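See below for the structure under consideration.
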Amino acid sequence: MKYHQINSNLFVKNRSKFTAQMKPKSVAVFNSNDIYPVSADSTLPFAQHRDIFYLSGVDQEESILLLFPDAPYEHQREILFLKETNDHIAIWEGEKLSKDRAFEVSGIKTVYWLQDFEKILFEIMTHAETMYINTNEHYRATVETETREARFVKWWKSNYPAHAVAKSNPILQRIRSVKEKEEIELIQNACNITEKGFRRVLSFVKPNVTEYEIEAEFIHEFVRNRSKGFAYTPIIASGNNANVLHYIENNQVCKAGDLILLDVAAEYANYSSDMTRMIPVSGRFSERQKAVYNAVLRVKNEATKMLTPGTLWKQYHVEVGKIMTSELLNLGLIDHADIQNENPEWPAYKKYFMHGTSHHLGLDTHDYGILTEPMKANMVFTVEPGIYIPEEGFGIRLEDNVVIQDNGNPFNLMQNIPIEVDEIETIMNS
């Protein structure tokens, strides 16, 4: 891994939070992700399942975590199963976790090789009554591939049909959404790397550069700062491309007078940042571009103030919609008749701002969190309003990452990333 080793105390705390909510005499099992094939002997780069990483720090394929807090023997309460390493694997693939190294990473004393899993699980299940299975229940999830986790659930149900079943995901949705201090520091580090990439790009952009050249500048800066790369597929959208919300082609020439929407951010140690900035290809915003830009910035700043403990996500978006409606009126994009005749299910402002303002951020870019429950201190949210005007050839979105605090003053993890019009123009023309 490129990142510095994380203190295992974080994963000890995370496991403690999870096991505290388990039913008596219950077991929970978490699997690593597969390495997915492309064709022939090619594979996609390995990306660890965030749940097993959150609970163990293990960032390696073919790994299993088993938790059994009520086990009759202490050594059975936390167990890691790992792919057995040897000299041949070390030569061809590099060093894998040894049992001692796994303890350093995770704080888990009991480590077995993977081939012992079924035998040890059988012994453990004779003492257990319930199995927690780990299914993906994220509100944005669409999973068409059978995952390693799904294969395990299928196998376990066929072999242990007499045991009760419980779900890990509701527990994880709650505990993963509230970050530990160490996690916030890791997200801050990802934001700091993102800042370095953005400042590099501000000095690079000029008329006739291509979107993919800008993408290359970002990845260069990210990797040289110990990031694995992009936290999500980057959006480098010049001109009217910015009006395609998930534009990822990044293959067009950036023309003088246009704006570029940069929805690009780094990961660090599997933790995501999520930034969006707008920059003018020629180094200066036009008066109209500046007016729309500052309207979006005002909405972002007002929305940020509402991210406080007790806020309900759904009501928050209603209030942001009111602020956006006022800004669109001032810009002449909608009028009072549009508001009077609007469909309550799709308000007038949605013509120009059709997506949500905030989502949880953490190990996943769209991280875990139960949206029907009030916001809590140490949750991390994005704030990303936008105004999209295809008929004028540009769209604007601005996005920061914010920590909710007990004192009611949200902390912006991206406060050092330039965002004011004057800042951006000054840097681009220096």
Side-chain angles (χ1 to χ4, degrees), residues 202 205 235-247 254-263 274-307 315-359 381-400 402 410 412 414 417-426 428-429:
L202 285 175
V205 167
I235 298 170
I236 317 288
S238 61
N240 228 346
N241 294 333
N243 293 308
V244 180
L245 297 182
H246 290 144
Y247 171 82
C254 302
K255 299 174 183 176
D258 277 350
L259 299 181
I260 311 171
L261 185 152
L262 305 170
D263 191 338
D274 191 356
M275 178 199 76
T276 308
R277 290 294 187 269
M278 302 296 309
I279 62 175
V281 175
S282 302
R284 301 283 181 192
F285 291 88
S286 71
E287 289 305 311
R288 177 60 172 174
Q289 291 168 345
K290 191 183 300 184
V292 178
Y293 185 104
N294 285 328
V296 174
L297 183 57
R298 285 191 293 271
V299 175
K300 186 193 75 69
N301 290 341
E302 290 303 309
T304 300
K305 295 174 185 177
M306 290 189 277
L307 292 175
Q315 185 59 38
Y316 160 78
H317 281 92
V318 171
E319 296 303 314
V320 173
K322 294 176 183 177
I323 299 168
M324 180 59 80
T325 297
S326 176
E327 293 292 348
L328 293 175
L329 281 169
N330 292 336
L331 290 169
L333 291 169
I334 61 174
D335 57 30
H336 290 287
D338 293 322
I339 298 170
Q340 289 170 356
N341 297 323
E342 70 182 10
N343 177 352
E345 299 299 315
W346 193 256
Y349 77 84
K350 288 284 190 181
K351 179 179 179 182
Y352 296 99
F353 175 38
M354 62 293 295
H355 58 78
T357 309
S358 294
H359 57 77
F381 280 91
T382 63
V383 190
E384 49 181 310
I387 295 176
Y388 307 92
I389 321 174
E391 60 270 25
E392 297 186 33
F394 69 95
I396 291 177
R397 180 166 69 250
L398 298 171
E399 179 179 20
D400 282 335
V402 172
N412 187 355
M414 292 184 161
I417 302 180
I419 196 168
E420 297 285 345
V421 165
D422 291 346
E423 287 181 280
I424 291 170
E425 290 185 339
T426 298
M428 293 189 74
N429 290 282

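Heavy atoms only: backbone and side chains are in, while hydrogens, waters and symmetry mates are out. Predicted model, so just to flag it, every value in this text is computed and none were measured. Positions are given from 1, in the same order as the sequence printed here.
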Between atom [atom1] of [X] and atom [atom2] of [Y], what is the distance when rounded to the nearest 0.5 Å?
| X | Y | atom1 | atom2 | value |
| --- | --- | --- | --- | --- |
| Glu392 | Leu331 | CD | CG | 8.5 Å |
| Asn412 | Asp400 | CG | CG | 4.0 Å |
| Ile387 | Leu328 | CD1 | CG | 5.0 Å |
| Glu302 | Thr304 | CD | OG1 | 9.0 Å |
| Met324 | Leu333 | CE | CG | 10.0 Å |
| Met428 | Glu423 | CE | CD | 13.5 Å |

List in chain and number order the residues that pass side-chain hydrogen bond (donor to acceptor under 3.5 Å, both in side chains) with [X], two or more places apart in sequence or in another chain; answer none if no residue qualifies.
| X | value |
| --- | --- |
| Glu391 | Tyr352 |
| Ser358 | Tyr316 |
| Glu425 | none |
| Asp258 | none |

Donor-acceptor pair, distance only, cut-off 3.5 Å: does the side chain of [X] make one with the backbone of [Y]?
| X | Y | answer |
| --- | --- | --- |
| Asn429 | Gly283 | yes |
| Asn243 | Ile389 | yes |
| His317 | Thr357 | yes |

Does Leu398 reach the side chain of Pro385, with side-chain heavy atoms less than 4.5 Å apart?
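When only atoms from C-beta onward are counted, Pro385 and Leu398 do not touch, as no gap falls below 4.5 Å.
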Just so I know, are the side chains of Cys254 and Ile236 near enough to count as touching, which here means a heavy-atom distance under 4.5 Å?
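No, too far: nothing below the 4.5 Å cut-off.
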Kindly write out the residues that satisfy side-chain contact (heavy atoms from CB on, under 4.5 Å) with [X], not counting sequence neighbours, or none if the list is empty.
| X | result |
| --- | --- |
| Ser286 | Arg288, Gln289 |
| Ala256 | Pro207, Ser282 |
| His355 | Leu245, Phe353, Tyr388, Arg397 |

State, to 0.1 Å, how close [X] and [Y] come at their nearest heavy-atom pair, and which atoms those are.
| X | Y | answer |
| --- | --- | --- |
| Tyr247 | Asn241 | OH-ND2, 3.4 Å |
| Leu259 | Pro280 | CD2-CA, 3.7 Å |
| Ile419 | Ile424 | O-CD1, 3.8 Å |
| Ile339 | Leu329 | CD1-CD1, 3.7 Å |
| Glu399 | Arg277 | O-NH1, 2.8 Å |
| Pro410 | Val402 | CB-CG1, 3.3 Å |

So does Lys290 have more than 12 non-hydrogen atoms from other groups sitting under 6.0 Å from NZ?
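Yes - once you tally the heavy atoms of other residues, nucleotides and ligands closer than 6.0 Å, there are more than 12.
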Contacts of Phe394 that satisfy ring pair (Phe, Tyr, Trp, His ring centres under 6.0 Å) - sequence neighbours left out:
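For Phe394, no residue satisfies ring pair (Phe, Tyr, Trp, His ring centres under 6.0 Å) once neighbours in sequence are set aside.
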Could you walk me through whether Val205 and Ile279 satisfy the side-chain contact (heavy atoms from CB on, under 4.5 Å) test, starting with their C-alpha distance in whole Å, then the side-chain angles of each, then the deciding distance to 0.1 Å, before giving a yes or no?
CA-CA 9 Å; Val205 167; Ile279 62 175; 3.7 Å; yes
Residues pairing under salt bridge (charged side-chain N to carboxylate O under 4.0 Å, His left out) where one sits in residues 319-339, two or more places apart or in two chains, turn out to be Arg298-Glu327, Glu319-Lys322
Enumerate, atom names and distances included, each donor-acceptor pair closer than 3.5 Å involving a side-chain atom of residues 340-351, sequence neighbours excluded.
{"unit_1": "Asn341", "atom_1": "ND2", "unit_2": "Ala337", "atom_2": "O", "d": "3.1"}
{"unit_1": "Glu342", "atom_1": "OE1", "unit_2": "Ala348", "atom_2": "N", "d": "2.8"}
{"unit_1": "Asn343", "atom_1": "OD1", "unit_2": "Glu345", "atom_2": "N", "d": "2.9"}

